[in-house]
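Beneath this line is the structure, given in structure tokens, with notes to follow.
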Amino acid sequence: MAAGEPISIQVRDVHKEFRRFEALHGITLDFDPGLMHGIIGPEGSGKTTLLRILLGLMRPAQGRILYFEGGRPASFDVLRPHIAYMPQAQSLYPDLSIEEHLAFFRDLYGIQPRAYAEKRAELLSVSRLAPFVDRPAGQLSGGMYKKLGLMCALLRSPRVIVLDEPTTGVDPISRRELWELLYRLLDQGILVLVTTAYLDEAERCSKVHLIESGSVIASGEPRALLDDQKARSFDELFLRRAAGSASE
């Protein structure tokens with residue numbers, strides 16, 4: 001289990017506008033610990049905006065984000081050190097090697113030598129990046145680059161990890177390996193929030209929250225949600241909605 005009590009997050013009636021464009025329209029969601037929550041939707045649906053508000057990088061125009069530790073209300077400022085974020089955009093240093101990135105974040109987070117050595121060995125093993133520790137980030141494949149970003153986020157053993165479209169632009173084998181890494185986090189009681197526009201990835205999550213045009217259209221356990229909507233896949237569900245909107 002991750003050290004410390006589990007963290008949960010509640011989103012209540014959150015709106016966000018950019019000039020005259022409403023990116024989020026009354027979002028209400030519950031993110032419970034120990035689960036992988038998939039925020040699923042097409043490009044421009046509001047996924048990244050929602051994550052940035054959760055992380056305190058933006059303020060909602062209306063609504064609230066509530067944080068809980070061990071079921072008790074908690075301040076975001078107190079919980080911030082236990083929340084890790086992996087953005088969609090490239091954020092690593094192309095000239096630094098894998099080893100140098102890990103050492104940089106070790107110093108940034110103030111991780112003690114023994115704890116760092118154990119975490120480094122664990123992450124290099126599960127990511128299968130140990131043979132490439134001297135390779136600069138700018139020379140890594142897309143999948144290896146994303147795995148390095150995930151390793152850096154996990155180095156300080158967070159209790160919440162937020163990943164914005166981590167598998168976008170990644171080859172099928174690396175996509176599978178990234179999901180294997182995420183599944184390992186659930187065994188540690190970590191709350192995982194992951195956004196994706198790949199509808200086939202929805203069924204990999206513990207719970208899915210479907211977002212379209214800034215609104216939640218459905219939430220629940222993937223198979224139960226599909227059964228309730230009488231759809232065979234999430235592709236079919238979204239295509240059906242698109243056809244319905246076009247006929248109106």
Item to check | Criterion salt bridge (charged side-chain N to carboxylate O under 4.0 Å, His left out) on Arg240 and Glu236, from CA distance to verdict | outcome: CA-CA 6 Å; Arg240 185 192 300 165; Glu236 179 183 324; 3.0 Å; yes
Checklist entry - Is the shortest distance from a Lys or Arg side-chain nitrogen in Lys119 or Glu122 to a carboxylate oxygen in the other one below 4.0 Å? => result yes
Checklist entry - Distance-only, no hydrogens or angles: does the His101 side chain make a donor-acceptor pair with backbone N or O of Tyr93 under 3.5 Å? => result yes
Item to check | side chain to side chain donor-acceptor pair (under 3.5 Å) between Ser97 and Asp134, intermediate numbers included | outcome: CA-CA 5 Å; Ser97 68; Asp134 295 323; 5.2 Å; no
Item to check | Sequence-distant partners of Arg120, salt bridge (charged side-chain N to carboxylate O under 4.0 Å, His left out), two or more places apart | outcome: Glu99
Checklist entry - Mind checking whether Leu35 and Leu191 have side chains closer than 4.5 Å, heavy atoms only? => result no
Item to check | Pairs involving residues 19-43, ordered by first then second residue, that meet salt bridge (Lys or Arg N to Asp or Glu O under 4.0 Å) (sequence neighbours left out) | outcome: Arg12-Asp30
Next on the checklist: Regarding Thr196 and Glu201, do their side chains bring together a donor and an acceptor under 3.5 Å, going by distance alone?
Outcome noted: yes
Item to check | Nearest heavy atoms of Ser219 and Leu225, plus distance in Å | outcome: C-CD1, 3.5 Å
Checklist entry - Are any non-hydrogen side-chain atoms of Phe18 and Met58 less than 4.5 angstrom apart? => result yes
Next on the checklist: Does this structure show an ion pair linking Asp171 with Lys146, if we count only N-O contacts that are shorter than 4.0 Å?
Outcome noted: no
What side-chain donor-acceptor pairs closer than 3.5 Å can you find for residues 109-117, not counting sequence neighbours?
none

Next on the checklist: Can you see whether Ser215 engages His25 through a side-chain donor-acceptor pair at a distance of less than 3.5 angstrom?
Outcome noted: no
Checklist entry - Heavy-atom distance under 4.5 Å between the side chains of Leu150 and Leu148, does that happen here? => result no
Checklist entry - So which heavy atom on Phe31 is nearest to which on Leu193, and how close? => result CD2-CD2, 3.4 Å
Item to check | Pairwise side-chain contact, Tyr67 with Ser75, heavy-atom cut-off 4.5 Å (strictly under) | outcome: no
Checklist entry - Heavy atoms, side chains only, cut-off 4.5 Å: are Val194 and Ile39 in contact? => result no
Checklist entry - Side chains of Asp13 and Thr28: donor-acceptor distance under 3.5 Å anywhere? => result no
